[in-house]
Amino acid sequence: MLHTPVCVPKDPARIVVVDPTFSLGMGLELDLPIVGAPLRLMSDRILRDEAVRRGVADLGSYFEPSIERLVALKPDLIIGSSLTDSAYPLLSQLAPTLLISAGNWKTYLSRLAQATGREQKAAELLAAYDARVAALKSRIPDQRVSVVRITSWDFQVNLDAPDAYGPFSVLRDVGVRRTDYETAQGNATLKRPDWEELDNLQGNMLLYIVGGANNSDTNGRHEEVTGNPLWRMLPAVRAGRVYRVDAGTWMEFSGTTSAHRVLDDIERLIIAKP
């Protein structure tokens, strides 16, 4: 559902988005006239460069965007996710503010399109995604794939679950099987294993994510993990079937463009290296 009733202009000409993932990525995919977004801390360089190419002004950090810059852009519509709930009272005084509550990326795209009169464009984007998924399904090898994120402070395993986060729902759509430890049927979407629990990552192949919104790729954590005997004992690591994937794509997932980049990784790694 849309977060709160709002009178959306029929043809907004100056849209500001206040999250640099779903709202920015999907907004650009729908060809919305976005004039501002928080670009500073983005790890998805491809999306950031595309936003800059289209003339989107930088509002600074997602955690604390510049209200002064936002006001100067004179938006006639502000769009964000429900993660910006606390900012709604202020934002709604500046322009009509649409906050969308939807964890599933396809649902978010459909609701954003419905609110802005871009239903046909969204349908075309999703149809192209569905067609590619259908074409790849029969090529997925019969193996299990483990996926883990290395942060500066812990390990994170995004689960194969009904409400899986974007890239992991793509894996689910295309039929990539995860291990039992990485699969859930309820509302859980994330586990935080300790070093000993890493042993549950028994996939024939291991994909891992490092960096992004944390500095685990530059502060020595990456090397600490990959040099640890417990990491080296994982079946996929021992077999030389461990691959790093891009944090910008996998942790700043932002719509069908990100989904196709995940499918690129599936083709390049899971299908081409069975």
Side-chain angles (χ1 to χ4, degrees), residues 1-37 39 42 44 46-57 73-84 91-92 95-137 162-175 248-249 252-264 266-267:
M1 59 179 290
L2 300 184
H3 177 73
T4 186
V6 59
C7 182
V8 176
K10 182 178 180 181
D11 294 303
R14 300 185 62 80
I15 297 176
V16 163
V17 299
V18 288
D19 72 84
T21 51
F22 281 12
S23 298
L24 177 60
M26 296 181 195
L28 293 179
E29 289 175 350
L30 294 173
D31 295 324
L32 296 179
I34 297 174
V35 296
L39 307 178
M42 291 179 65
D44 187 344
I46 295 175
L47 177 57
R48 186 182 65 187
D49 289 349
E50 176 63 13
V52 171
R53 187 186 72 79
R54 295 206 200 182
V56 177
L73 290 172
K74 299 180 180 178
D76 50 13
L77 180 64
I78 299 172
I79 297 175
S81 73
S82 59
L83 294 177
T84 50
L91 296 175
S92 60
T97 299
L98 175 67
L99 301 186
I100 301 175
S101 298
N104 180 283
W105 70 272
K106 297 178 204 172
T107 303
Y108 198 103
L109 177 60
S110 296
R111 290 176 181 168
L112 178 58
Q114 179 183 19
T116 55
R118 300 294 203 281
E119 293 96 333
Q120 181 60 38
K121 179 65 174 177
E124 292 169 359
L125 291 169
L126 291 173
Y129 166 77
D130 289 340
R132 188 175 180 198
V133 165
L136 292 178
K137 263 192 172 183
D163 294 324
Y165 174 56
F168 307 94
S169 71
V170 174
L171 292 177
R172 185 181 178 91
D173 285 347
V174 82
T249 296
E252 284 191 358
F253 188 92
S254 59
T256 60
T257 301
S258 294
H260 282 288
R261 282 155 57 189
V262 172
L263 292 175
D264 289 343
I266 291 170
E267 282 199 276

- prompt: Would N104 and D163 satisfy side chain to side chain contact (heavy atoms under 4.5 Å, CB included), going step by step from the backbone distance to the final call?
  reply: CA-CA 7 Å; N104 180 283; D163 294 324; 6.0 Å; no
- prompt: Given side chains that start at C-beta, do those of R172 and P162 come closer than 4.5 Å, heavy atoms only?
  reply: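 They are in side-chain contact.
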task: Please examine the side chains of R118 and L32, heavy atoms only from C-beta on, and report whether any two atoms are closer than 4.5 Å.
output: yes
Shortest non-hydrogen separation from [X] to [Y] and the atoms involved:
| X | Y | answer |
| --- | --- | --- |
| P33 | A13 | CB-O, 3.4 Å |
| P75 | V16 | CB-CG2, 3.8 Å |
| A37 | V56 | N-CG1, 3.6 Å |
| L39 | A51 | CD2-CB, 4.1 Å |
| R54 | L28 | NH1-O, 3.0 Å |

message: Students often mix this up, so state it plainly: with edges at 30° and 60°, are the rings of W105 and Y129 parallel, tilted or perpendicular?
response: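 Rings of W105 and Y129: perpendicular, over 60°.
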[X] [atom1] to [Y] [atom2] distance, which is reported to the nearest 0.5 Å:
| X | Y | atom1 | atom2 | result |
| --- | --- | --- | --- | --- |
| I15 | I78 | CD1 | CD1 | 11.0 Å |
| E50 | S254 | CD | OG | 11.0 Å |
| L112 | K121 | CG | NZ | 13.0 Å |
| H260 | I266 | NE2 | CD1 | 11.5 Å |
| R14 | L73 | CZ | CG | 6.0 Å |
| L98 | S92 | CG | OG | 12.0 Å |

- request: Report the C-alpha separation of L125 and K106 in whole Å, then their side-chain angles, then the decisive distance to 0.1 Å, and conclude whether the side chain to side chain contact (heavy atoms under 4.5 Å, CB included) test is met.
  value: CA-CA 10 Å; L125 291 169; K106 297 178 204 172; over 6 Å; no
message: Test your reading of the model: is there a side-chain donor-acceptor pair from E29 to the backbone of T257, 3.5 Å cut-off?
response: yes
Derivation of the side chain to side chain contact (heavy atoms under 4.5 Å, CB included) call for V170 and F253: CA-CA 11 Å; V170 174; F253 188 92; 4.2 Å; yes
message: Among D44, I79, L47, V18, which residue satisfies the side-chain contact (heavy atoms from CB on, under 4.5 Å) criterion with L24?
response: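 Answer after filtering D44, I79, L47, V18: L47.
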message: Between the side chains of R132 and D173, is the shortest nitrogen-to-carboxylate-oxygen separation below 4.0 Å, so that they form an ion pair?
response: no
- request: Return the set of residues passing side-chain contact (heavy atoms from CB on, under 4.5 Å) with S110 (not counting sequence neighbours), or none when no residue passes.
  value: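 Partners of S110 under the side-chain contact (heavy atoms from CB on, under 4.5 Å) test: L126.
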Side chain to side chain contact (heavy atoms under 4.5 Å, CB included) between T249 and D264, intermediate numbers included: CA-CA 11 Å; T249 296; D264 289 343; over 6 Å; no
message: The criterion is side-chain hydrogen bond (donor to acceptor under 3.5 Å, both in side chains); which residues satisfy it with S23, sequence neighbours excluded?
response: D19, Y108
task: Return the set of residues passing salt bridge (Lys or Arg N to Asp or Glu O under 4.0 Å) with E119 (not counting sequence neighbours), or none when no residue passes.
output: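 So E119 forms no salt bridge (Lys or Arg N to Asp or Glu O under 4.0 Å) with any residue.
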